[in-house]
Asks: 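Sending over a structure as structure tokens; questions will come in a sec.
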Amino acid sequence: MSGTVVIGGGPAGAAAAILLARAGARVTVVEREAAAREKVCGEFLGPDAAALMASLGLPLPSLGAVPVSRGALAAGSRDAAWALPFAAWSLPRAVMDEALLDAAARAGATVLRGRGAAGAAREGEGWSVRLAGGARLAARSVVLATGKHELRGHARSATRGQIGLKLPLRLAGPMEGTVLLLPFAGGYAGLQPRGGEGAGREANLCAALRAVGSEARDPAALLGRVASGSALAARLLRDAEPLLARPLAVGGVPYGFRHRDGAGAPCGLYRAGDQFAVVPSLAGDGVAMALAGGMAAARAILEGVPSAAFHRALDAELGRPMRWAGAIARLLEAAPGALTLAAGVFPAGARLAAARTRLPSRPRPVAGGREGGAGPVRILARR
Ligand SMILES: Cc1cc2nc3c(=O)[nH]c(=O)nc-3n(C[C@H](O)[C@H](O)[C@H](O)COP(=O)(O)OP(=O)(O)OC[C@H]3O[C@@H](n4cnc5c(N)ncnc54)[C@H](O)[C@@H]3O)c2cc1C
């Protein structure tokens, strides 16, 4: 019997596996993708994600991340820019997720690639995880970290969802360390320079939309929809060269979802990442929340904290960033012009709002200026 089976090898699952394996626990990660691949994500990584990656021994600059130091917002003929109140980064998800899974394997976790889990059920005192194809893994506990995808029998309770689209681009000019928020009718997009192999030449366009038509298939339609929102977007995207034949898409993203255990919730199944809470994209730090949740789940398992107590503590921790990111996303959609005007007149307000989307128990800088420490420890102290 494996001590823990982690279902899903994204940031939440891989971070949980790294800590469990480093503590000497037996852990198996089941990841349905056989190899690294692009994921629908804006790839904006704030200081919490950077500090958590560093504390796992994976500092973002060493993976090829590029710095992002300014924020900007454009709506109609207006635009505003401000210095971010923290250091931020951009790194392709294929690079980051692969580095995390590799670190989990090096720490001693068994990583099963190209194997999807088809279900997980209580069996005796533990769990039986059924793999696609029929094999079963027995475990004392399970970390459910399948991200945007539901596991049969454990689907999230959210009913409505938005659509996420991602399109890497080659722009005519450099973007110079800026993350741009570009609202348009029915959604908003983020545009920022790409890290990794595309650094210096490529940008990442990622959009959250309430409904899509041809934008999901046709790069030109997506570029046109984003460009319709502001003069700045139209100018920047005019000569953009899409680097994919069609945008990557994910549907049914339940922004604002927060897991609550109902009566009779199964004991020993620890939810982390998007399976626990889904923060509105580009307004909040989904990857940081996933890393923090996965690491906290590992600590809860190692310390024998029941899954229900862990879920309550994680919910308390994520409440503030979820509320602030939700408010920013609503304003981006409902009043982009007023928000752009306000950010132009009062850039300190934009900086404050960005800072409030951070995790409350943030990772602390340690001696020598190196970032590290583990913010999510407080989650367990509160139980
Ligand atoms: C449009 C959009 C833009 C975003 N932009 C940003 C951003 O700029 N910055 C940011 O921090 N966050 C952003 N996010 C949020 C971020 O992508 C997620 O919060 C984060 O990826 C959650 O990590 P996770 O580990 O929970 O899930 P995921 O990253 O989705 O990983 C889940 C993993 O589980 C695997 N899996 C799924 N089902 C199974 C199964 N049955 N068996 C085995 N494996 C399985 C998948 O292959 C995947 O590798 C964005 C999200 C969207 C939709």
Asks: If every non-hydrogen atom of Leu291 is compared with every non-hydrogen atom of Pro11, which pair is closest and at what distance?
Replies: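 Between these two residues, the closest heavy atoms are CD2-O, 3.7 Å.
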Asks: Measure from the side-chain N and O atoms of Arg156 to the backbone N and O of Asp274, and report whether any donor-acceptor pair falls under 3.5 Å.
Replies: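 Flag set: sc Arg156 to bb Asp274 pair under 3.5 Å.
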Asks: Is there a continuous path of hydrophobic side-chain contacts, each under 4.5 Å between heavy atoms, that joins Met289 to Trp324?
Replies: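 No, because Met289 and Trp324 fall into different hydrophobic clusters, even though each may have its own neighbours under 4.5 Å.
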Asks: Going by an N to O cut-off under 4.0 Å, is there a salt bridge joining Glu303 and Arg299?
Replies: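 Here Glu303 does not pair with Arg299 in a salt bridge, since their nearest N and O are not under 4.0 Å apart.
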Asks: Do Tyr255 and Ser281 have side-chain atoms, one donor and one acceptor, less than 3.5 Å apart?
Replies: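 Checked: Tyr255/Ser281 side chains pair up, N/O donor to acceptor below 3.5 Å.
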Asks: Taking Gly9's backbone N and O only, do any of them form a donor-acceptor pair with Arg32's side chain (distance below 3.5 Å, no angle check)?
Replies: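 Flag not set: sc Arg32 to bb Gly9 has no pair under 3.5 Å.
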Asks: How far apart are the C-alpha atoms of Asp97 and Lys39, what are their side-chain angles, what is the distance that settles it, and do they pass the salt bridge (Lys or Arg N to Asp or Glu O under 4.0 Å) test?
Replies: CA-CA 10 Å; Asp97 289 21; Lys39 281 184 178 165; 2.6 Å; yes
Asks: So, for Ala325 and Ala283, which heavy atoms are closest and what is the spacing to 0.1 Å?
Replies: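 Taking every non-hydrogen atom into account, O-CB, 3.5 Å.
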Asks: Could you grab the distance from atom CD of Gln275 to atom CG of Leu144, nearest 0.5 Å is fine?
Replies: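 Gln275 CD to Leu144 CG: 4.5 Å, rounded to 0.5 Å.
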Asks: Are the charged groups of Arg115 and Glu33 less than 4.0 angstrom apart, N to O?
Replies: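 Judged by the 4.0 Å cut-off on N to carboxylate O distance, Arg115 and Glu33 do not form a salt bridge.
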Asks: Are Glu38 and Lys166 ion-paired here, with the side-chain N under 4.0 Å from a carboxylate O?
Replies: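 Yes.
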Asks: So do the side chains of Pro59 and Pro61 get within less than 4.5 Å of each other, counting heavy atoms only?
Replies: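 Yes; the side chains approach each other to less than 4.5 Å.
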Asks: Would you say Leu232 and Leu341 are hydrophobically clustered, going by side-chain heavy atoms of ILVMFWY under 4.5 Å?
Replies: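 Leu232 does not cluster with Leu341.
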Asks: Can you measure from CE (Met96) to OG (Ser90) and round to the nearest 0.5 angstrom?
Replies: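 Nearest 0.5 Å value for the CE-OG distance: 11.5 Å.
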Asks: Could you tell me if the side chain of Arg170 sits less than 4.5 Å from the side chain of Leu243, heavy atoms only?
Replies: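 Leu243 reaches Arg170 side chain to side chain.
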Asks: Could you walk me through whether Ile301 and Val143 pass the side-chain contact (heavy atoms from CB on, under 4.5 Å) check?
Replies: CA-CA 9 Å; Ile301 290 166; Val143 175; 3.6 Å; yes
Asks: Quick test of your reading of the model: are Arg260 and Asp315 salt-bridged, counting only N-O distances below 4.0 Å?
Replies: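 Looking at Arg260 and Asp315, the cut-off is met.
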Asks: Heavy atoms only: give me the nearest Gly196-Leu91 pair and the separation to one decimal.
Replies: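 So the minimum-distance heavy-atom pair works out to N-CD1, 4.3 Å.
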Asks: Once you measure the plane-to-plane angle for His259 and His311, does it fall in the parallel (<30°), tilted (30-60°) or perpendicular (>60°) bin?
Replies: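 Perpendicular: the ring planes of His259 and His311 meet at over 60°.
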Asks: Can you see which heavy atom on Pro247 is nearest to which on Leu222, and at what distance?
Replies: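 Closest pair (atom of Pro247, atom of Leu222, distance): CG-CD2, 4.0 Å.
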Asks: Would you check if Val68 and Thr178 make a side-chain contact, meaning some heavy-atom pair closer than 4.5 Å?
Replies: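 Val68 vs Thr178: side chains apart.
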Asks: Going hydrophobic residue to hydrophobic residue with side-chain gaps under 4.5 angstrom, can you get from Leu244 over to Leu165?
Replies: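 Looking at the clustering, Leu165 is in the same group as Leu244.
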Asks: Quick check for you: to the nearest 0.5 Å, what is the distance between Leu20 atom CG and Thr4 atom OG1?
Replies: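 The distance works out to 5.0 Å.
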Asks: So do Arg258 and Val278 actually touch side chain to side chain, heavy atoms under 4.5 Å?
Replies: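 Result no, sub-4.5 Å side-chain heavy-atom pair not found.
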Asks: Using a strict 4.0 Å threshold on nitrogen-to-oxygen distance, state whether Arg194 and Glu43 make a salt bridge.
Replies: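 Salt bridge: yes.
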Asks: Charged N to carboxylate O below 4.0 Å: is that the case for Arg210 and Glu333?
Replies: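 A salt bridge is present here (some side-chain N lies under 4.0 Å from a carboxylate O).
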Asks: Please evaluate residues Arg37 and Glu98 with respect to the criterion salt bridge (Lys or Arg N to Asp or Glu O under 4.0 Å), reporting the C-alpha separation (whole Å), side-chain torsions for both, the decisive distance (0.1 Å), and the verdict.
Replies: CA-CA 9 Å; Arg37 70 178 178 95; Glu98 213 50 27; over 6 Å; no
Asks: For Gly268 versus Ser307, what's the shortest heavy-atom pair and its separation?
Replies: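 Between these two residues, the closest heavy atoms are N-OG, 3.0 Å.
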Asks: Picking from Pro280, Cys206, Pro336, what satisfies side-chain contact (heavy atoms from CB on, under 4.5 Å) with Tyr188?
Replies: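 So, applying the side-chain contact (heavy atoms from CB on, under 4.5 Å) to Tyr188 and each of Pro280, Cys206, Pro336, only Pro280 qualifies.
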Asks: Do Ser230 side-chain atoms and Ala75 backbone N/O form a donor-acceptor pair below 3.5 Å?
Replies: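 Checking the backbone N and O of Ala75 against the side chain of Ser230, no donor-acceptor pair under 3.5 Å is found.
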Asks: Do the side chains of Leu73 and Leu182 get nearer than 4.5 Å, heavy atoms only?
Replies: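 Leu182 does not reach Leu73 side chain to side chain.
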Asks: Ignoring hydrogens and angles, tell me if any N or O in the side chain of Asn204 forms a donor-acceptor pair with the backbone of Gly42 under 3.5 Å.
Replies: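 Looks like yes, one N/O pair under 3.5 Å.
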Asks: According to a hydrophobic-cluster definition based on side-chain heavy atoms being under 4.5 Å apart (Ile, Leu, Val, Met, Phe, Trp, Tyr only), do Leu181 and Leu84 belong together?
Replies: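 Linked within one cluster.
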Asks: How far does CH2 of Trp127 sit from CZ of Arg140, to the nearest 0.5 angstrom?
Replies: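 One finds 15.0 Å between CH2 of Trp127 and CZ of Arg140.
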Asks: Rounded to the nearest 0.5 Å, what separates atom CD1 in Ile7 from atom CG in Leu151?
Replies: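 Between atom CD1 of Ile7 and atom CG of Leu151 there are 5.0 Å.
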Asks: On a heavy-atom basis, which atom in Ala21 and which in Ala109 lie closest, and how many Å separate them?
Replies: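 Where Ala21 meets Ala109 most closely, the heavy atoms are CB-N, 3.7 Å.
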Asks: Starting at CG of Leu52, measure out to CE of Met295 and round the result to the nearest 0.5 Å.
Replies: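 It is 5.0 Å, given to the nearest 0.5 Å.
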Asks: Are Arg225 and Glu215 ion-paired here, with the side-chain N under 4.0 Å from a carboxylate O?
Replies: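 Counted as a salt bridge, because a side-chain N and a carboxylate O are separated by less than 4.0 Å.
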Asks: Given the rule in the side-chain contact (heavy atoms from CB on, under 4.5 Å) test, do Arg323 and Arg356 qualify, once you have shown the distances and angles that lead to the verdict?
Replies: CA-CA 9 Å; Arg323 281 193 300 277; Arg356 301 299 282 181; over 6 Å; no
Asks: Can you find a pair of side-chain heavy atoms, one from Leu45 and one from Val287, that are under 4.5 Å apart?
Replies: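 Leu45 vs Val287: side chains touch.
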Asks: Checking Leu318 against Leu359 for the side-chain contact (heavy atoms from CB on, under 4.5 Å) test, could you report, in this order, the C-alpha distance in whole Å, the side-chain angles of both residues, the deciding distance, and whether it holds?
Replies: CA-CA 7 Å; Leu318 301 184; Leu359 298 171; 3.7 Å; yes
Asks: Check the pair Arg246 / Leu167 against side-chain contact (heavy atoms from CB on, under 4.5 Å), numbers first and verdict last.
Replies: CA-CA 8 Å; Arg246 58 188 292 164; Leu167 187 63; over 6 Å; no
Asks: Just wondering, do Leu137 and Leu112 contact through their side chains at under 4.5 Å, heavy atoms?
Replies: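 They are in contact (side-chain heavy atoms under 4.5 Å apart), so the answer is yes.
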Asks: If Ile, Leu, Val, Met, Phe, Trp and Tyr residues are connected whenever their side-chain heavy atoms lie under 4.5 Å apart, and connections chain through other members, are Phe310 and Leu302 in the same group?
Replies: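 Yes, because Phe310 and Leu302 connect within a single hydrophobic cluster, where side-chain heavy atoms sit under 4.5 Å apart.
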Asks: Quick test of your reading of the model: are Arg358 and Asp285 salt-bridged, counting only N-O distances below 4.0 Å?
Replies: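 The answer is no: the pair does not qualify as a salt bridge.
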Asks: Could you check whether atom CD of Glu197 has more than 12 heavy atoms from other residues, nucleotides or ligands sitting under 6.0 Å from it?
Replies: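 Not buried by this count: 12 neighbours or fewer within 6.0 Å.
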Asks: Quick one: does Glu202's side chain have a donor or acceptor within less than 3.5 Å of a partner on Pro193's backbone?
Replies: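 No.
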Asks: Do Thr28 and Val6 have side-chain heavy atoms sitting under 4.5 Å apart?
Replies: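 In short, these two side chains do not touch, never coming nearer than 4.5 Å.
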